[in-house]
Each structure stands twice: as C-alpha cells, then as structure tokens.
**Q** 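My structure is below; once you've seen it, I'll send some questions.
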Amino acid sequence: MPGHAHAAIKAMEARYNHLVSKGKLSEASEYLLSDPNDQTEYLSVQMFTDNAINVCMESTYNFVDTVVSSLVKLHQNIQPLSTFHFGGDEIAGAWKDSPICKAFIADNNHGISTVDELSQYFVERISSITASHNLNLSGWEDGLMHNNIVYPRGQLANSSVAGNAWQNIWEWGVADRAYNLANNGYGVIYNQATHLYFDHPYEPDPQERGYYWAPRFTDTRKSFGFMPEDLYANADFTRAGAPITKEEVLNAATVKTLEHPENVLGLQGSVWTETIRTEEQFEGMTFPRVIALAERAWHSAEWEARDASDELVDEIKRNADYNNFANIVAQKIMPKLEDQGIAFNLPVPGGIIEAGLLQANSPFPGLMIEYSIDNGNTWHVYNETSSPQVAQALIRTRSGSRYSRVASVQ
C-alpha cells in the first residue's frame with residue numbers, strides 16, 4: 001500500500017455498500033479506502049485504474065491499524081512479528097482529482113501543499129502505526145523517496161526502517177537509489193532488477209518465459225556475477241541490449257559513493273508471479289538462479305570490483321570461478337533438486353554445424369547434451385570427442401529425467 005491494493009479497496013467498498021444497505025452509515029465508512037467521487041485517471045504498470053488506496057481519508061489509517069494489529073496478534077504465539085513491509089511503490093499518479101484530497105491539502109493543518117507530498121505523509125502515518133505495535137518498517141525504495149529525494153529518516157518513528165532497492169535501470173539515471181537510501185540512514189536490501197529479478201527470461205528468445213523490462217534477459221551466470229560492493233560496476237547493457245559502461249552510469253548519478261556500507265543489510269531475489277500459473281513454472285524461474293544469488297550473498301569473491309578501488313573486474317578469475325560453480329550445480333546440486341521434486345530450469349545448449357559435424361556445448365559443464373536427427377523421435381548422447389556428422393539436428397541438455405527446451409541447429 002498505497003498502491004497494489006486493488007483487492008483491499010474492492011473488499012472495503014463491498015463492506016461499505018453492504019452496511020449502507022442496512023442503514024449503518026457511520027459503521028460503513030469506518031474502513032473505506034476510496035473516495036467515491038475521485039475522478040483521477042491513472043494506470044498502473046499492471047493495467048489497474050483503481051489500485052491505490054486514498055491516503056487523505058482517516059478511514060484508511062483505521063484499516064491499516066486493524067490489519068497490523070491482527071497480524072501482530074496472529075503471530076504472537078508462533079513467531080512474534082518484528083517488521084512490517086508496507087510496499088509503497090508504483091502509485092501511478094493517484095489522488096490528483098479526489099475531492100477529499102483537495103480538501104485535505106487545502107486544510108493547512110497538515111502542512112501539505114501538493115499531491116506529491118501525500119506519499120511522505122502516508123509513510124509517516126504508517127510509521128507511527130507500526131511503531132505503536134513495536135514493529136520495524138520496510139518498503140520498496142520508491143515508497144521512501146520522491147523524485148530521488150529521500151524522506152527524512154528522523155520523521156519516521158520506527159527503530160529501523162529499510163528499503164528494497166530495485167529500480168536500477170542503467171539508462172534511467174536511477175542506479176544511485178540504493179546508495180542514496182543507505183547514506184540517509186535507511187537500511188538497504190539490494191534487490192536490483194537487472195540481476196536479481198527472476199521473472200526475466202534466462203535468454204533472449206521468444207520461447208522463453210518472462211518479462212524483459214529491466215534487462216533483456218538474466219541467466220544464472222549474470223546473477224552469479226553480481227557485485228554487491230560496487231553497484232555501478234554491474235552496468236553492462238541497456239534494456240535494449242546496447243552496451244553501457246560504469247563511467248556513463250556514474251556520470252548520471254547524483255550519489256557517487258556509498259558512505260555508510262554498514263546500512264546494507266543483504267541481497268534479495270524476486271519472482272513476480274502474475275503470469276506464472278503453476279508450481280513447475282515458478283520453480284523453473286527460481287532455480288538455479290537463486291543458488292547464484294545465495295553464492296553472492298554469503299561469499300565475496302576475489303574477482304569482484306569494490307567501491308574503494310578503481311580496479312577492474314578480473315574477468316579471467318570470474319570466468320574460472322563461474323566454471324567451477326556451474327560444474328558443481330550441474331553435477332551435484334541439480335540431482336539433489338530433482339530428488340526433491342523441484343522443477344529447475346535446464347539451459348538450452350549452444351550448437352553449430354561446421355564442415356558437416358555437430359559442435360555443441362552447455363552453459364553448465366557436466367550436463368549431458370543429447371541430439372536427434374529424426375525430429376525428436378530418438379535421441380543420442382552427444383560426445384564432443386567424436387562429433388556426429390549431420391545435416392541438421394535438434395539438441396537439448398539433460399539432467400536425470402529432466403530436459404531443457406529443444407533448439408534446432410541447421
């Protein structure tokens with residue numbers, strides 16, 4: 001909240017209408033989240049026109065307090081709740097033509113003069129509510145800043161407030177948001193969309209599942225190569241696939257350095273599931289990329305670039321480290337995942353026919369590669385030491401009883 005709240009808004013509208021029909025007018029408005037006369041036209045990224053709760057209504061904060069109280073009570077005898085993540089992202093331009101908000105802004109008692117200031121007001125109210133329940137607060141980066149200006153940390157009542165830094169699209173000039181939050185006293189979770197959003201495809205192919213709004217693709221190697229100690233050094237390509245350098249990103253950044261590394265709390269990967277329909281699809285998008293994320297989270301490699309130096313990434317060492325990692329994943333971890341019934345993703349092999357001979361390889365050395373010359377009716381194990389003579393072939397990787405997507409080699 002306040003965005004991404006369509007279900008709550010509609011539930012409270014239904015509650016309101018039900019109680020009004022019974023003549024309970026005061027009770028009906030107690031938890032209402034929307035202004036019935038709001039004429040604001042906005043569209044969220046997910047194509048919602050009514051998914052932001054109205055932050056100018058006191059009933060909104062009644063609702064929030066009731067929800068938080070219920071969650072605290074639910075967890076108190078199980079595992080006491082310590083942090084409430086309020087969201088805060090993707091408001092999409094709500095409230096501009098809400099009569100209630102116009103009246104709210106006109107009331108000088110709130111110290112607000114524009115719609116843009118409503119987000120900070122909302123966060124401060126949520127902070128007070130959660131702090132009253134002895135909770136820390138978390139939110140997405142854009143819930144803790146506006147136009148790259150971070151909300152004053154001293155205005156938030158919680159002992160700890162953390163933000164998920166996600167929107168680091170290199171060419172958008174927002175790659176400094178993580179450092180900006182950390183330097184201003186917030187805890188930061190690196191949740192960078194270019195490397196750690198696992199709803200993107202493994203490779204740039206129309207048959208691959210996933211979005212491509214941040215990078216065009218994110219394979220396991222890219223997640224493995226993420227460097228938490230120098231975020232700008234991760235700059236590689238724009239959304240369209242054009243090369244972009246660390247220097248270009250730095251030039252556009254307002255915040256050049258991380259002054260408080262102690263505020264970096266860790267890494268997080270995310271899988272957004274609005275187009276994922278099965279457990280198998282979810283597991284395929286998550287594994288094995290999440291294993292690369294874990295490797296970067298608990299181990300600082302010798303080849304990584306670091307803020308304090310101008311040293312370049314040691315690509316030779318990074319390639320050697322990844323080769324070792326990929327062998328372990330293919331030969332030791334994938335069989336364990338299969339034993340546990342996890343539908344991990346298998347990479348499509350690369351292949352080419354040279355001088356009539358099939359040459360094939362896999363991003364994960366040690367994976368079996370199979371080929372077919374009869375349109376998939378029969379499959380043969382590929383052996384690079386005795387490449388088969390073919391005119392065309394289908395190829396795939398295999399681990400146990402699991403297979404990759406099939407590629408055609410002409």
**Q** Given the ring of Y212, does R216 sit roughly above its face, with NZ or CZ under 6.0 Å from the centre of the six-membered ring and within 45° of the axis?
**A**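 Judged by the rule (NZ or CZ under 6.0 Å from the ring centre, within 45° of its axis), R216 counts as positioned above Y212.
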
**Q** Would R209 and D199 count as a salt bridge (Lys or Arg N to Asp or Glu O under 4.0 Å) here? Give the steps.
**A** CA-CA 8 Å; R209 169 174 291 279; D199 53 342; over 6 Å; no

**Q** Under the 3.5 angstrom rule, does the side chain of D321 hit a backbone N or O of K317 as a donor-acceptor pair?
**A**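 No.
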
**Q** Verify the neighbour count for atom CD of Q76: are there more than 12 heavy atoms of other residues, nucleotides or ligands below 6.0 Å?
**A**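 Yes, CD of Q76 has more than 12 neighbouring heavy atoms, counting only those of other groups under 6.0 Å.
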
**Q** Tell me whether the centres of the aromatic rings in Y211 and Y197 are closer together than 6.0 Å.
**A**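 Distance test on ring centres: not under 6.0 Å, no.
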
**Q** Verify the neighbour count for atom NZ of K24: are there more than 12 heavy atoms of other residues, nucleotides or ligands below 6.0 Å?
**A**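 Not more than 12 within 6.0 Å, no.
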
**Q** Compute the centroid of each ring, for F237 and then for F217, and state whether the two points are separated by less than 6.0 Å.
**A**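 So the answer is no for these two rings.
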
**Q** Hey, does the Lys NZ or Arg CZ of R296 hover above the aromatic six-ring of F226, less than 6.0 Å from the centre and inside 45° of the axis?
**A**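 Here R296 fails the 6.0 Å and 45° test against F226.
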
**Q** Hey, does N180 have a side-chain heavy atom less than 4.5 Å from the side chain of T254?
**A**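 Heavy-atom side-chain distance check fails, nothing below 4.5 Å.
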
**Q** What closest approach, in Å, do T397 and P347 show between heavy atoms, and which atom pair accounts for it?
**A**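 The answer is OG1-O, 2.6 Å.
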
**Q** Give the C-alpha distance, both sets of side-chain angles, the deciding distance and a yes or no for side-chain hydrogen bond (donor to acceptor under 3.5 Å, both in side chains) between R306 and S300.
**A** CA-CA 10 Å; R306 291 169 174 83; S300 180; 2.7 Å; yes

**Q** Does any N or O in the side chain of N327 come within less than 3.5 Å of the main-chain N or O of N323, such that one atom is a donor and the other an acceptor?
**A**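 Side chain of N327 to backbone of N323: a pair is present.
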
**Q** I'd like to know whether D50 forms a side-chain hydrogen bond (donor to acceptor under 3.5 Å, both in side chains) with H6, so could you lay out the CA-CA distance, the side-chain angles of the two residues, the decisive distance to 0.1 Å, and finally the verdict.
**A** CA-CA 6 Å; D50 54 355; H6 180 81; 3.1 Å; yes

